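Note that the structure is a prediction, hence the values are computed from the model and not measured. Numbers restart at 1 for each chain; the letters A, B, ... are given by sequence-line order, proteins then strands.
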Number of protein chains: 2
Amino acid sequence: MTGTRPPTHEGERPAGGGRERRARQAYDPSSLVEVAARVFNERGYDATSMEDLSAAAGITKSSFYHHVRGKEALLRAALERALDGLFGILDEPAASTGSPLTRLRHIVRRQVEVLAAELPHVTLLLRLRGNTETERWALERRREFDATITRLVRDAQVAGELRAGSDPAVDARLLSGLVNSLVEWYRPGRMAVDALVAEVDRMAFEGLRAQVPADDGRAS
Amino acid sequence: MTGTRPPTHEGERPAGGGRERRARQAYDPSSLVEVAARVFNERGYDATSMEDLSAAAGITKSSFYHHVRGKEALLRAALERALDGLFGILDEPAASTGSPLTRLRHIVRRQVEVLAAELPHVTLLLRLRGNTETERWALERRREFDATITRLVRDAQVAGELRAGSDPAVDARLLSGLVNSLVEWYRPGRMAVDALVAEVDRMAFEGLRAQVPADDGRAS
DNA sequence: CGCCCGACCGAACGATCGTTCGCCTGCAGA
DNA sequence: TCTGCAGGCGAACGATCGTTCGGTCGGGCG
């Protein structure tokens, strides 16, 4: 009903690429994951059929299975990409250098950038319900990431860099909730990523109320 | 797999109620909606089967249909409850009295309370994808609510009560995102609602950074 | 006491799901 | 030119979905 079939043919076929010996599939290596992530987000994972996915890729359902192992494998690949992006932030030098607040702000700002760059994949990650083993695995890794944020918020509060009198765990959840809520409305091209980073940073640490700017947010 | 069947029998049967003539169903009027909303949130709407719902209610699937019209009707009822709660806030006198910032803060604080009181129903509302007509109708009403918030944020910024130099639409989205993200982690009993309201209010308008309190948040 | 009807149930419906199978086709390499 | 095979297809599989149907049961009321 009210069909929303795009004009098929997603992306262009790699013209003459894949000259290696193990050129198993010429159609696409991970571009199908990208297509799948997009459709998953539009309809929701459970409401998305393999027919929907194959149609978005421009081939039939049975052909689709020549390139992917199954629905859950697509989900896992997309989630891995999101988690790799997020955990990659924690490996950056600036994530473990300087005061707790400096590190926290770096992570938050980079998290916004990763969110924008890997929007479909991260969106998928943030909407998991934990129905399958794959989903539970991803949720567990996500909890690890959040735990790191919580520790940093706690350290920053102890150091007197964040507001006192509140539970660091609550503050960390509010902070992560603010950042993650971007996936619900931000769309690439609608707003420069730099501007988005600045807005989120200011909102998170200075709030919405009018005030004299403290020291501005030109970090790094 | 890994069945999570609760010990059946949800709530208690109304002892001797339903003495009116049109006592069509004695089992439950809207308590089934509550059960459904809870299970919908655990598994996701599409991943929830009528078997799941009826089992959570303690009866078989076919018996379940003597009390409800269908899956989508349950969803609609739950969404109506959420929307009624949210729009009820806008009808309160304090929502249209005083300065824009005063009104906005009242709405935000009340929104947190409604979120906590109607947690399963609002959670359902915030996770819609728009696959069915019912979902699109609810999304449209939700957009109306958000538009009201956006107008208020704009007015408050024009009045100099909110930070300048940022797009009011973006600020409104960040604000709503912060508030709505509560459904992802807040659970009743884990934290007093009053404390939650205070934390969110302070986070939204003052931010996380340590600072001297401006005028405190004892509104109304 | 006997009937009536709301509550409840087992079984089955057509539809759709994710996945598999057998077959066709067009072209790259011998 | 012949051939192998990756890429693509239609049809069908068992399972599960939301929903319906016919029937049983038991307690309140005439």
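Residues satisfying the salt bridge (Lys or Arg N to Asp or Glu O under 4.0 Å) criterion with E92(B), sequence neighbours excluded, are R110(B). Judged as a side chain to side chain donor-acceptor pair (under 3.5 Å), and not counting sequence neighbours, the contacts of T134(B) are E72(B). A search for salt bridge (Lys or Arg N to Asp or Glu O under 4.0 Å) contacts involving R81(A) returns E34(A), E118(A), not counting sequence neighbours. Checked against side chain to side chain donor-acceptor pair (under 3.5 Å), R143(B) has the following partners two or more places apart in sequence or in another chain: E140(B). Evaluation of the salt bridge (Lys or Arg N to Asp or Glu O under 4.0 Å) rule for E199(B) yields R163(A) as partners, not counting sequence neighbours.
Straight-line distance from the NE2 atom of H66(B) to the P atom of dT20(D): 11 Å, rounded to whole Å. In this entry the distance linking NZ of K71(B) with P of dG18(D) reads 4 Å, nearest Å. At whole-Å resolution of the value, CD in E51(A) and C1' in dC9(D) are 12 Å apart. Protein atom CZ of F64(A) is 12 Å distant from nucleotide atom C1' of dG18(C), rounded to whole Å. For R43(A) and dC17(C), the CZ to P distance is 11 Å, given to the nearest whole Å. What separates CG of L32(B) from C1' of dA7(C) is a distance of 13 Å, to the nearest Å. One atom, CG of L75(A), and another, P of dT19(C), lie 12 Å apart when rounded to the nearest Å. At whole-Å resolution of the value, CE in M50(B) and C1' in dT20(D) are 12 Å apart.
The list of ring-ring contact (aromatic ring centres under 6.0 Å, His included) pairs with a residue in residues 112-157 of chain A, not counting sequence neighbours, reads F87(A)-F145(A). Within the structure, ring-ring contact (aromatic ring centres under 6.0 Å, His included) contacts touching residues 169-202 of chain A (residues at least two apart or in different chains) do not occur.
Computed from C1' positions of five pairs at each end, the angle between the two local axes of the helix from dC1(C)-dG30(D) to dA30(C)-dT1(D) equals 10°, rounded to 10 degrees.
Nearest to the side chain of I59(A), among dT20(C), dG18(D), dC9(D), sits dC9(D).
A donor-acceptor pair is defined here as one N or O able to donate and one able to accept, closer than 3.5 Å; no such pair exists between the side chain of E184(A) and the backbone of R127(B).
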Show me the protein contacts with nucleotides 10-15 of chain C, counting only N or O atoms at under 3.5 Å.
unit_1, atom_1, unit_2, atom_2, d
dG10(C), N7, S62(B), OG, 3.1
dG10(C), O6, S62(B), OG, 2.8

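Within 4.0 Å (heavy atoms only), S54(B) reaches no atom of the nucleic acid at all.
Distance CG/L101(A) to CG/L152(A): 9.0 Å, rounded to 0.5 Å.
When the side-chain nitrogen and oxygen atoms of H67(A) are compared with OP1 and OP2 of dG8(D), one or more of them lie within a distance under 4.0 Å.
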